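No hydrogens, no waters, no symmetry mates; every other heavy atom, side chains included, goes into these values. Counting starts at 1 for both ligands and their atoms, in listed order. In this text, all values refer to a predicted model and were calculated from it rather than measured experimentally.
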Amino acid sequence: MLVRSDFNVPLENGKITDPGRILASVPTLAQLADAGAKVIITAHLGRPKGEPDPALSLAPVAARLSAELGRNVQLAGDVVGSDALARAEGLTDGDVLLLENIRFDPRETAKDDAERAGLAKALVELVGDDGAFVSDGFGVVHRKQASVYDVASLLPSYAGDLVAAEVEVLKRITTDVEHPYAVVLGGSKVSDKLAVIEALAPKVDTLVIGGGMAFTFIKAQGSPVGDSLLQEDMVDTCKELLDRFGDVIHLPHDIVVADEFAADAETSIAFTRDGFTEGMGLDIGPGSVERFSAVLRSAKTVFWNGPMGVFEFERFSTGTRGVAEAIAAATQDGAFSVVGGGDSAAAVRSFGLPDDAFSHISTGGGASLEYLEGKELPGLTVLEQGA
Ligand SMILES: Nc1ncnc2c1ncn2[C@@H]1O[C@H](COP(=O)(O)OP(=O)(O)OP(=O)(O)O)[C@@H](O)[C@H]1O
Ligand SMILES: O=C(O)[C@H](O)COP(=O)(O)O
């Protein structure tokens with residue numbers, strides 16, 4: 001049995017700082033192993049450049065998964081090479097084998113269909129032609145990649161329990177949504193996530209934008225943003241979005257500016273209307289936290305993806321904490337709230353907020369967003385079409 005999981009967890013000095021995605025994957029894996037399947041798991045970590053990168057090895061994941069499953073999880077030394085093949089052949093019923101980071105193989109993310117198909121075939125060889133595929137990495141179902149998409153057309157394929165549960169929750173915030181509906185976007189995957197704004201803006205009452213996402217908009221408003229994260233080629237798109245949806249989009253009006261990207265950086269507050277020419281914006285400012293919190297507290301439905309700042313550094317975590325607390329307060333007042341994304345979930349947990357402070361903590365960031373956008377998710381479509 002081949003299982004695609006999403007173990008793309010945050011790491012700090014080789015240590016997993018939030019095991020949420022691993023824990024969410026355990027029930028499906030335990031069920032399969034308990035039923036006596038020979039379980040071969042494929043997953044990615046980070047964005048290696050199509051070649052092995054020891055810093056992005058799945059070794060810490062294998063160790064944590066072994067502990068959570070209460071079974072030894074072997075880690076193959078390669079993706080689909082001789083070690084993976086030998087280990088796969090040696091599996092007995094109930095054994096669990098984790099393949100090394102699938103993105104160490106350039107075919108995983110190749111644009112060329114034939115290249116991806118080559119890797120998918122190699123994965124099938126590991127489980128044998130009479131094997132099956134369980135797609136359980138919800139966070140990655142928006143990627144048309146070999147281990148998510150192509151392999152599903154070669155084997156009988158099923159959605160795992162995690163994927164099914166995530167889709168169920170997201171359905172609830174795409175149909176008959178209770179208003180006011182607020183979506184909060186932040187984080188660093190600017191080019192991925194700017195594209196969803198056009199689709200989401202007409203559906204929501206409020207679109208709060210913070211984190212690295214905000215600076216392309218601030219530049220579009222005509223203010224300099226120093227060395228902040230910026231998607232230069234999207235500045236014109238952001239101008240258009242502000243023209244069309246200016247009444248829905250809420251941008252930070254103040255920013256915490258750091259003199260360098262460091263935990264102990266010197267900081268100052270800049271007003272967005274003036275901008276700043278030196279340093280980089282690493283958090284939303286205190287005035288923005290207050291304004292964003294006020295609007296979020298009165299929402300009846302909230303979806304949040306992407307931290308408001310570099311929350312990993314205490315000094316730049318205030319904005320993310322403020323937004324998290326406001327959404328938790330709205331939830332307590334009866335709002336339906338979903339927090340999505342590896343780092344967003346990690347942020348919430350690092351503030352000591354319990355998971356049940358929100359209606360649902362999703363393992364999908366980009367995947368959830370694209371689902372809400374109404375986009376077809378290749379990793380789900382291929383399951384519906386069948387092998
Ligand atoms: N102003 C900023 N400048 C640079 N990085 C930022 C800024 N604000 C937030 N970030 C970084 O964004 C990262 C998280 O962004 P990301 O878009 O990956 O969110 P996510 O919740 O993990 O969603 P996904 O699951 O789609 O990856 C964090 O590591 C955080 O430090
Ligand atoms: O973190 C995520 O959103 C998923 O694991 C997908 O990762 P990716 O954005 O690098 O494809």
**Item:** E108 and R4: CA distance, side-chain angles, deciding distance, salt bridge (charged side-chain N to carboxylate O under 4.0 Å, His left out) verdict
**Value:** CA-CA 12 Å; E108 168 70 355; R4 179 48 157 112; 3.7 Å; yes
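- Per-residue contacts place D343 under 4.0 angstrom from the following atoms of ligand 1 (heavy atoms of the residue considered): 14 (C), 18 (O), 20 (P), 21 (O), 22 (O).
- Of the polar atoms of G342, at least one N or O is found under 3.5 Å from an N or O of ligand 1, judged by distance alone.
- Under 4.0 Å from ligand 1, not a single heavy atom of E370 appears.
- Contact annotation: for N305 versus ligand 1, heavy atoms closer than 4.0 Å belong to the side chain alone.
- Every pair tested for ring pair (Phe, Tyr, Trp, His ring centres under 6.0 Å) that includes a residue from residues 267-311 fails, sequence neighbours excluded, so the list is empty.
- Residue, atom and distance of the protein heavy atom nearest to atom 9 (C) of ligand 1 are G309 O, 3.2 Å.
- Proximity to R21 (heavy-atom distance under 4.0 Å) selects the following atoms of ligand 1: 25 (O).
- Enumerated by chain and number, the residues approaching ligand 2 to less than 4.0 Å through a heavy atom are D6, N8, R21, H44, R47, R103, G139, R143, K189.
- Few gaps surround CZ on R71; more than 12 heavy atoms of other groups in view lie less than 6.0 Å from it.
- In this structure, P307 counts as a contact residue of ligand 1, since one of its heavy atoms falls inside 4.0 Å of the ligand.
- Nearest to atom 21 (O) of ligand 1 among the protein's heavy atoms is S344 OG, 2.6 Å.
- Residues D136 and R21 are not paired through a salt bridge, judged by the lack of any N-O separation under 4.0 Å between the basic side chain and the carboxylate.
- Checked against a 3.5 angstrom limit, the closest N/O atoms of E312 and ligand 1 fall inside it.
- Taking 4.0 Å as the cut-off between side-chain N and carboxylate O, D333 and K300 do not count as a salt-bridged pair.
- Between G281 and ligand 1, a contact under 3.5 Å exists for at least one N or O pair.
- When hydrogens are left out, the protein atom nearest atom 27 (O) of ligand 1 is K189 NZ, 2.6 Å; that is the closest non-hydrogen contact.
- For the side chain to side chain contact (heavy atoms under 4.5 Å, CB included) with V9, the lone residue among I22, D18, T17, L58 that qualifies is I22.
- Counting all heavy atoms, side chain and backbone alike, S191 lies closest to Q231 at CB-OE1, 3.4 Å.
- Against a heavy-atom cut-off of under 4.0 Å, G211 is close to the following atoms of ligand 1: 1 (N), 8 (N).
- Residue K193 places a heavy atom less than 4.0 Å from ligand 1.
- When all heavy atoms are compared, the tightest approach of L97 to L75 is CD1-C, 4.5 Å.
- Considering V310, V339, I255 only, the shortest heavy-atom separation from atom 5 (N) of ligand 1 involves V310.
- Looking only at heavy atoms of the protein, atom 26 (O) of ligand 1 is closest to G366 N, 2.9 Å.
- Residue contact check: F215 has heavy atoms under 4.0 Å from atoms 1 (N) of ligand 1.
- Under the 4.0 Å criterion applied to side-chain N and carboxylate O atoms, R87 and D83 are assigned as salt-bridge partners.
- Nearest protein heavy-atom contact of atom 7 (C) of ligand 1 is G212 N, 3.5 Å.
- In this structure, a donor-acceptor pair under 3.5 Å is present between the side chains of S362 and S368.
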